[in-house]
A.B. asks: 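Just passing along the structure, written as structure tokens.
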Amino acid sequence: MSLNENIDAPSEQAKAPAPSPEGRHRVRDFGVMSLICLLILLILFMSGSLILSEVLVSLLIFCFAGIAYFLSTEPDARGRGNAESPAIARPQSSRESASSYSVSKVREDLISILTAYPEPALICGFDGRIIASNQMAADVFRLPKHGLGSPIIRRPDVLERLGQIARGGEPDPLEIEIAGTPDQFFRVELKKLTLLGEDLVLIALDELTELRRAEKARADFLANASHELRTPLTSLAGFIESMRGPAKDDPASWDRFLEIMYGQTERMRRLIHDLLSLSRIELNEHLRPNQRVDLARIVTEGVEALVPVAQEKGTELELIRSADEAPVYAIRDELVQVIQNLIDNAMKYSPAGSTVRVEISAGLTIEQARTFAGRRWPNAARISIVQNRTEPDAHFAVFRVSDEGDGIPREHLPRLGERFYRVDEGRDRSVGGTGLGLAIVKHIVSRHRGALMVESEEGRGSAFGIWLPMIAQASDSKSENITSDLSEN
């Protein structure tokens, strides 16, 4: 018996049912009616009202009408009665109800067992049609919710393993990658099982995301560190060699060499610190934060802490706050790092006497958030560095950092956020940049399931806007106020 089918008909070996009393009554009535019709035709023929050919035609018509009546009401020769026959309908309905109950109960038990299993798991047929699954497996294979669509596995690599099991094989475990933000990796094992006489397949998944990310982070760290550390190490080695050779007896040159060597050492220290921070963030990128923090307060504190730094560089740091609070799920220290990196970058590339603006708002819809973050300058080029799927009715907290520098040329925008990518490499090194600040911001925003947009116009400046999903919706009045502010700008 299949889990997806009910019992439709009695066994072929079952005997045909005996004629019912209603059937015998119909035969008797048909015989009496036939005798009466024959008697009437005989009287009319003997009286001369009908000739022999008319009598024969009448008998032929009567026979066809009688056969039609008999076949439309009597069970046929195969012993299968009409849909209203209680002798047949009652036993079949009872068996169908029992079968449906059994299948439903088995499915409920399977779902309960799979729900208790701590990893993604499901049970399916050889064709990939899913009998039961837990929610984690439904998320991995992106099964339709609320009964919409066909619950079927659509990955060719998994279907290939199902085919091997159907042919009697024992496939090796499979490793799959689920594209997303971030990507996930799973080890998939398939085992054949028999349930209610039907052969099915149990698919169990073991998540390898953290392991694969650790391996990739180690490989990237070695490659990037060896590349970026080569320049300062070469510089240090050269100066040391000079101090041991030609400048050995020149104390005046030593002071200048030591100053340059100290700068290269500081550069290596910042580089190693940023690399370690980025590796740590990437390892935890798939873990969504669950701490409740106030983004508006963090932005305000970050701006206040950097005001003295801005004054030393001859720039003005302005905070424009249109929300009293902006509750989000986040890691506080990571958001502080995002704010510091963006403001520090803006101050580095802003000329003396210019203004760096930091704006914060909350309770915005997705379209309002995009407009506030990166759609403010009509002639600017813009690009989304990080994007995440959002709920249709979600509201967002947004902050934006804009400067009055030279701006970023349009052709460089797609590569922003890459490790060690620099728009102007010579200038970046002169201001002490490591090329990792924006990459750190990118991965932190991705971990927080937010979005990052860049807007830049040469000669006007650049702006980086970030929006994060809020825990609770802000009041409608705040959304209306910020909408009016955007229209005025």
Side-chain angles (χ1 to χ4, degrees), residues 180-184 209-210 213-214 216-218 220-221 224 269-306 309 319 321 323 325-348 358-362 369 373-374 384-390 394 396-401 416-420 433-454 463-472:
T181 307
D183 296 340
Q184 293 179 290
T209 302
E210 187 172 352
R213 286 187 174 278
K216 186 177 185 299
R218 284 194 295 268
D220 290 345
F221 176 81
N224 294 325
R269 184 190 63 79
R270 292 192 302 270
L271 183 62
I272 292 173
H273 176 270
D274 286 348
L275 279 171
L276 292 175
S277 297
L278 183 58
S279 298
R280 183 181 65 253
I281 293 167
E282 287 182 330
L283 286 177
N284 298 321
E285 190 172 347
H286 65 288
L287 300 176
R288 188 169 187 173
N290 56 5
Q291 301 176 13
R292 180 189 178 101
V293 299
D294 184 359
L295 180 61
R297 182 176 179 180
I298 294 175
V299 172
T300 301
E301 293 175 354
V303 171
E304 292 174 351
L306 292 173
V309 179
L319 173 63
R321 178 170 170 170
E325 60 178 1
V328 297
Y329 286 121
I331 304 297
R332 178 182 177 83
D333 291 342
E334 292 186 357
L335 286 188
V336 170
Q337 189 173 10
V338 167
I339 295 167
Q340 290 179 346
N341 284 4
L342 291 180
I343 297 177
D344 186 58
N345 281 345
M347 291 189 298
K348 284 179 181 177
V358 181
E359 303 172 70
I360 176 71
S361 185
S384 293
I385 298 179
V386 180
Q387 299 185 69
N388 272 291
R389 290 179 296 179
T390 59
F396 300 87
V398 189
F399 74 92
R400 170 185 167 104
V401 179
L416 294 179
E418 294 183 11
R419 292 170 179 256
F420 303 109
T434 62
L436 294 173
L438 196 55
I440 292 174
V441 171
K442 171 185 174 181
H443 287 282
I444 291 178
V445 172
S446 177
R447 180 184 181 184
H448 287 71
R449 306 303 186 263
L452 169 62
M453 179 177 287
V454 180
F464 291 79
I466 292 174
W467 62 90
L468 303 175
M470 294 183 62
I471 296 176

A.B. asks: Does any N or O in the side chain of Arg400 come within less than 3.5 Å of the main-chain N or O of Glu359, such that one atom is a donor and the other an acceptor?
C.D. replies: no
A.B. asks: Below 4.5 Å, heavy atoms only, C-beta onward: do Val454 and Ile385 meet side chain to side chain?
C.D. replies: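 In contact.
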A.B. asks: Taking all heavy atoms of Val401 and all of Ala346, pick out the closest pair and write down the distance.
C.D. replies: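 Closest heavy-atom pair between Val401 and Ala346: CG1-CB, 3.9 Å.
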A.B. asks: For Pro327 versus Asp294, what's the shortest heavy-atom pair and its separation?
C.D. replies: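 That closest heavy-atom pairing would be N-OD1, 4.3 Å.
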A.B. asks: Flag the pair Ile471 / Tyr329 as yes when at least one side-chain heavy-atom distance between them is below 4.5 Å, and no otherwise.
C.D. replies: yes
A.B. asks: Could you grab the distance from atom CG of Leu468 to atom CE of Met470, nearest 0.5 Å is fine?
C.D. replies: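 It comes to 10.5 Å.
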A.B. asks: What distance separates His443 NE2 from Asn284 CG, expressed to the nearest 0.5 Å?
C.D. replies: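 Taking NE2 in His443 and CG in Asn284, the distance rounds to 13.0 Å.
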A.B. asks: Under 3.5 Å, sequence neighbours excluded: what are the donor-acceptor pairs made by side chains of residues 330-339?
C.D. replies:
{"residue": "Arg332", "atom": "NH2", "partner": "Glu301", "partner atom": "OE1", "Å": "2.5"}
{"residue": "Glu334", "atom": "OE2", "partner": "Arg447", "partner atom": "NH1", "Å": "2.8"}

A.B. asks: Got a second to check how far Met453's CE is from Phe464's CZ, nearest 0.5 Å?
C.D. replies: 12.5 Å
A.B. asks: To the closest 0.5 Å, what do you measure between CG (Leu306) and CG (Leu319)?
C.D. replies: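 Spacing of CG (Leu306) from CG (Leu319) equals 11.5 Å.
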A.B. asks: Just so I know, are the side chains of Phe399 and Leu342 near enough to count as touching, which here means a heavy-atom distance under 4.5 Å?
C.D. replies: yes
A.B. asks: Check whether Ser277 reaches the backbone of His273 with its side chain - one donor and one acceptor, N or O, closer than 3.5 Å.
C.D. replies: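 Judged by distance alone, yes, a pair lies under 3.5 Å.
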A.B. asks: Nearest 0.5 Å please: distance from the CD atom of Glu285 over to the CZ atom of Arg449.
C.D. replies: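 The distance works out to 7.5 Å.
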A.B. asks: So, for Phe396 and Ala369, which heavy atoms are closest and what is the spacing to 0.1 Å?
C.D. replies: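 Closest approach of Phe396 to Ala369: CB-CB, 4.1 Å.
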A.B. asks: Looking at side-chain heavy atoms only, is the closest gap between Val398 and Ile466 below 4.5 Å?
C.D. replies: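 Heavy-atom side-chain distance check fails, nothing below 4.5 Å.
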A.B. asks: Which heavy atom in Ala451 sits nearest to a heavy atom in Gln387, and how many Å separate them?
C.D. replies: CB-CA, 4.4 Å
A.B. asks: When you measure from the side chain of Asp274 to the backbone N and O of Leu436, does any donor-acceptor pair fall under 3.5 Å?
C.D. replies: no
A.B. asks: Around atom CZ of Arg321, are there more than 12 heavy atoms of other residues, nucleotides or ligands at under 6.0 Å?
C.D. replies: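 Count over threshold, so yes.
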A.B. asks: Using modelled atom types and a 3.5 Å cut-off, is there a donor and acceptor pairing between side-chain atoms of His448 and backbone atoms of Ile444?
C.D. replies: yes
A.B. asks: According to side-chain hydrogen bond (donor to acceptor under 3.5 Å, both in side chains), who are the partners of Arg288, at least two apart in sequence or on a separate chain?
C.D. replies: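 Expected list: none.
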A.B. asks: Atom CD1 of Ile360 and atom CG of Leu295: how far apart are they, to the nearest 0.5 Å?
C.D. replies: 4.0 Å
A.B. asks: Would Asn341 and Leu438 count as a side-chain contact (heavy atoms from CB on, under 4.5 Å) here? Give the steps.
C.D. replies: CA-CA 7 Å; Asn341 284 4; Leu438 196 55; over 6 Å; no
A.B. asks: Where do Ala326 and Ala362 come nearest, in terms of heavy atoms and distance?
C.D. replies: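 Result for this residue pair: CB-CB, 3.8 Å.
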A.B. asks: Give me the atom names and distance for the closest heavy-atom approach of Pro469 to Gly450.
C.D. replies: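 In terms of heavy atoms, the two residues are closest at CD-CA, 4.4 Å.
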